[in-house]
Amino acid sequence: VQLQASGGGLVQAGGSLRLSCAASGRTFSTYALGWFRQAPGKEREFVAAIDWSGRSTYRTDSVKGRFTISRDNAKNTVYLQMNSLKPEDSAVYYCAARRLVVTTTTHWDYWGQGTLVTVSS
């Protein structure tokens, strides 16, 4: 599985962005997908994940109520809708895939390149 993240950019605090992660491969619909972020000088952290069916989603506490993860298996794409953005959300965001969901940064099998999100105050 190859993953390509996009949609990052510069936005003011309180604004919104939608990240996309397009995947290659005919087995996309069998994989769980996750979003992660890494700010300068910090470790990579889990943001959100979704199971293969899209029926189960998981988010870290700091983004609950603001970020939504979804997927479109027909388009081989997973999305991260980010609303009410805060300066502390600024980071490089990565998508990843594995067979089963875990809410950690480890044990994900495939990673995309990052897309930079900058939230100005």
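Sequential numbering from 1 along the given sequence is applied to the chain's residues.
Residues Gly65 and Arg59 share a closest heavy-atom pair of N-NH1, 3.7 Å. Closest approach of Ser16 to Asn83, counting heavy atoms only: OG-OD1, 2.9 Å. Taking both residues in full, the closest heavy atoms of Leu17 and Gly7 are given as CD2-O, 3.9 Å, listed atom of the first, atom of the second, then distance. Across every non-hydrogen atom of Ala13 and Ser121, the tightest pair is CB-CA, 4.3 Å. Nearest heavy-atom pair, Val1 versus Leu3, reported as atom, atom and distance to 0.1 Å: CG1-CD2, 3.7 Å. The two atoms that bring Phe28 and Ala23 nearest to each other are CD1-CB, 3.2 Å, heavy atoms only.
In this structure, Tyr93 and Met82 have side chains that are in contact, with non-hydrogen atoms separated by less than 4.5 Å. Here the side chains of Asp89 and Arg66 are in contact, with some heavy-atom distance below 4.5 Å.
Taking CZ of Phe67 as the start and OG1 of Thr60 as the end, the distance is 10.5 Å to the nearest 0.5 Å. A distance of 6.0 Å separates CD1 of Ile50 from OG of Ser70, quoted to the nearest 0.5 Å. Taking OG of Ser29 as the start and CZ of Arg71 as the end, the distance is 7.0 Å to the nearest 0.5 Å. Rounding to the nearest 0.5 Å gives a distance of 9.0 Å between CG of Leu116 and CG of Leu10. In this structure, CD1 on Ile69 lies 9.5 Å from SG on Cys95, to the nearest 0.5 angstrom.
Cation-pi geometry between Arg44 and Tyr94 is met: under 6.0 angstrom from the ring centre, within 45 degrees of the axis.
In summary, the aromatic rings of Phe46 and Trp35 are positioned with their centroids too far apart to meet the 6.0 Å limit.
A salt bridge links Lys64 to Asp61: at least one charged side-chain nitrogen sits closer than 4.0 Å to a carboxylate oxygen.
Checked by atom type and distance alone, the side chain of Arg99 never pairs as donor or acceptor with a backbone atom of Trp52 at under 3.5 Å. For the pair Thr104 (side chain) and Val102 (backbone), a donor-acceptor distance under 3.5 Å is absent. The main-chain N or O of Leu100 is found under 3.5 Å from a side-chain atom of Arg98 such that the two form a donor-acceptor pair. With hydrogens and angles disregarded, a donor-acceptor distance shorter than 3.5 Å links the side chain of Ser90 to the backbone of Val119. Side-chain atoms of Asp51 come within 3.5 Å of backbone atoms of Arg55 as a donor-acceptor pair (strictly under, hydrogens ignored). Gln4 places no side-chain N or O within donor-acceptor distance of the main-chain N or O of Gln113, the cut-off being under 3.5 Å. A donor-acceptor pair under 3.5 Å is absent between the side-chain atoms of Thr77 and the main chain of Ala22, judged by distance alone.
Test Leu19, Val117, Val63, Leu80 against Arg37 for side chain to side chain contact (heavy atoms under 4.5 Å, CB included) and you get one pass: Val63.
No path of Ile, Leu, Val, Met, Phe, Trp and Tyr side chains, each step under 4.5 Å between heavy atoms, connects Tyr58 with Leu33, placing them in separate hydrophobic clusters.
Ring planes of Phe36 and Trp111: tilted class, angle from 30 to 60°.
In this structure, Glu88 places its CD atom where more than 12 heavy-atom neighbours from other residues, nucleotides or ligands lie under 6.0 Å away.
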